[in-house]
Amino acid sequence: MRQPTIRDVAERAGVSKSLVSLVLRGSDQVRPEKRDAVLRAAQELGYRPNAAARSLSEQRTRTVGVLLNDLRNPWFVDLLDGLNSLLHANGLHMLLADARLNRRTGQDPADPLLDLRVDGLVVVGTLPDPAALGAVAERIPVVLAGSREPAPPGVDVVAGDDERGARLAAEHLIGLGHRRIAHIAGYGVVGELRRGSFEATMLRHGLAERAVVEPSDMTEEGGYRTTVRLLSGPERPTAVFAVNDMAAIGVLSAAEELGLRVPRDLSVVGYDNTSIARLRHVWLTTVDNTSHEVGRRAARCLLERFEGPGGAGRIQLATPTLEIRGSTAPAP
């Protein structure tokens with residue numbers, strides 16, 4: 001059976017092909033009664049626009065490349081959901097690429113997406129060399145989401161307020177009477193901001209000498225190994241603030257293995273409020289880094305760049321909150 005064409009829609013609605021095109025592009029230059037007639041005709045005929053032909057005529061693919069640095073971190077799932085919901089509402093489709101895999105195969109991480117002629121690029125998470133995106137940003141709009149690395153000119157940054165979030169976590173534990181508090185730190189600017197804010201909060205409360213900071217790779221295994229070292233020492237902390245929920249899960253595993261009960265013997269705070277933290281048998285106190293909102297804001301920045309390209313890059317920080325659950329309690 002022959003697929004209906006734009007000519008068929010025009011004939012059924014009694015209008016010109018150019019007016020049908022205007023309606024299908026969402027133009028506001030069409031009278032309501034004409035728009036209704038075209039949409040009704042398209043529905044009756046079962047007409048679907050030819051995406052390839054439309055891309056050629058508009059010189060756009062209506063796709064957005066999303067370069068994700070770490071597919072293992074569930075925090076990015078919520079961010080992608082917020083990003084995609086607004087992109088989809090504006091007729092754009094998301095193409096996902098794994099930056100880590102592309103680097104291992106010797107490719108520039110963004111190359112596969114650029115080869116597909118995406119209209120814009122959203123980089124999610126921390127990249128080793130964000131400055132390399134400068135050349136990309138000269139060709140298409142680029143937004144960094146969930147990262148605090150220095151951005152090239154003209155690139156927008158959307159992330160959570162890491163300093164505020166870490167302060168909320170530290171002050172919660174201090175308010176529960178904990179004095180020996182350890183922080184399992186991360187890497188990159190995000191890791192540095194969370195660590196710096198934790199240390200500043202401990203100093204402000206006169207607890208700088210009781211604070212312990214241990215580096216990690218921000219994975220569950222890294223959190224586990226670091227916690228085993230911390231809990232095996234002579235000055236065992238009564239609370240641990242992990243740089244993210246993945247590391248915090250490692251903390252919980254290490255505590256259980258060493259015979260400590262959470263939160264009676266050890267309080268644990270994570271960061272990101274991922275779906276893992278909300279599991280009933282985990283029920284982790286954590287900082288909600290508003291991942292869905294970060295994704296929506298990143299999409300909004302990209303849409304604004306499409307409308308008005310150029311100009312200096314902007315930084316938008318979403319306000320985090322603390323989700324208090326069952327992994328924290330007064331100090332023993």
Side-chain angles (χ1 to χ4, degrees), residues 1-68 71 74 76-98 110 112-124 139-143 145-146 156 158 275 290-310 316 318:
M1 181 178 177
R2 184 177 71 87
Q3 291 294 321
T5 66
I6 195 171
R7 182 188 298 276
D8 297 327
V9 175
E11 290 177 356
R12 172 70 67 93
V15 299
S16 66
K17 288 195 301 180
S18 60
L19 191 138
V20 174
S21 296
L22 286 174
V23 171
L24 296 178
R25 289 203 300 268
S27 172
D28 57 3
Q29 300 176 3
V30 181
R31 295 202 307 274
E33 63 272 17
K34 294 290 187 182
R35 178 182 292 106
D36 292 344
V38 169
L39 294 177
R40 186 166 55 251
Q43 184 177 21
E44 291 171 356
L45 292 169
Y47 172 76
R48 292 179 61 85
N50 186 320
R54 184 174 64 180
S55 295
L56 287 172
S57 65
E58 295 180 354
Q59 296 188 327
R60 288 181 60 186
T61 61
R62 307 195 70 80
T63 58
V64 171
V66 179
L67 191 58
L68 186 60
L71 289 171
F76 295 127
V77 175
D78 289 337
L79 189 154
L80 292 175
D81 184 56
L83 175 71
N84 193 43
S85 63
L86 193 54
L87 293 179
H88 186 268
N90 284 271
L92 297 168
H93 302 284
M94 191 169 70
L95 300 179
L96 191 64
D98 183 351
L113 295 171
L114 297 178
D115 290 344
L116 293 170
R117 303 182 65 82
V118 293
D119 297 327
L121 181 67
V122 178
V123 180
V124 179
R139 300 165 53 187
I140 58 174
V142 177
V143 177
D156 296 321
V158 184
S275 56
T290 62
S291 54
H292 194 275
E293 176 62 19
V294 168
R296 285 188 63 85
R297 289 194 188 189
R300 196 170 296 117
C301 283
L302 200 66
L303 293 170
E304 289 171 358
R305 289 281 176 185
F306 289 152
E307 294 296 324
Q316 293 189 30

Next on the checklist: Would you say that L92 contacts F306 through its side chain, given a criterion of any heavy-atom pair below 4.5 Å between the two side chains?
Outcome noted: yes

Checklist entry - Does E33 offer a backbone N or O that forms a donor-acceptor pair with the side chain of D36 under 3.5 Å? => result no

Next on the checklist: Tell me if a side-chain donor or acceptor on D119 pairs with a main-chain N or O of R62 at a distance below 3.5 Å.
Outcome noted: yes

Checklist entry - If you look at every heavy atom in R117 and T63, which pair is closest and at what distance? => result O-OG1, 4.3 Å

Checklist entry - What's the spacing between S291 OG and D81 CG if we round to 0.5 Å? => result 8.5 Å

Next on the checklist: Using 0.5 Å steps for rounding, measure from the CD atom of E11 to the CD1 atom of I6.
Outcome noted: 12.0 Å

Checklist entry - Which heavy atom in L45 sits nearest to a heavy atom in P4, and how many Å separate them? => result O-CG, 3.3 Å

Next on the checklist: Distance check, rounded to the nearest 0.5 Å: L95 atom CG versus L116 atom CG?
Outcome noted: 6.0 Å

Next on the checklist: Give me the atom names and distance for the closest heavy-atom approach of A298 to A145.
Outcome noted: CB-CB, 3.9 Å

Item to check | Residue from V124, V66, V122 passing side chain to side chain contact (heavy atoms under 4.5 Å, CB included) with L79 | outcome: V124

Checklist entry - What is the distance from atom CG of D156 to atom CD of E304, rounded to the nearest 0.5 Å? => result 8.0 Å

Checklist outcome for this item: All heavy atoms of K17 vs all of A10, minimum pair found to be N-CB, 3.9 Å

Checklist entry - Rounded to the nearest 0.5 Å, how far does CG of L39 lie from CD of E44? => result 11.0 Å

Item to check | R300 side chain near V158 side chain, heavy-atom distance below 4.5 Å | outcome: no

Checklist outcome for this item: R296 and S85 have their tightest heavy-atom pair at NH1-OG, 3.3 Å

Checklist entry - In Å, rounded to the nearest 0.5 Å, how long is the span from CG of L87 to CE of M94? => result 7.5 Å

Next on the checklist: Quick one, L302 and L86 - any side-chain contact, counting heavy atoms below 4.5 Å?
Outcome noted: no

Checklist entry - V143 and C301: which non-hydrogen atoms are nearest, and at how many Å? => result CG2-CB, 4.0 Å

Checklist entry - Within a radius of less than 6.0 Å around CD of Q43, do more than 12 heavy atoms belonging to other residues, nucleotides or ligands occur? => result no

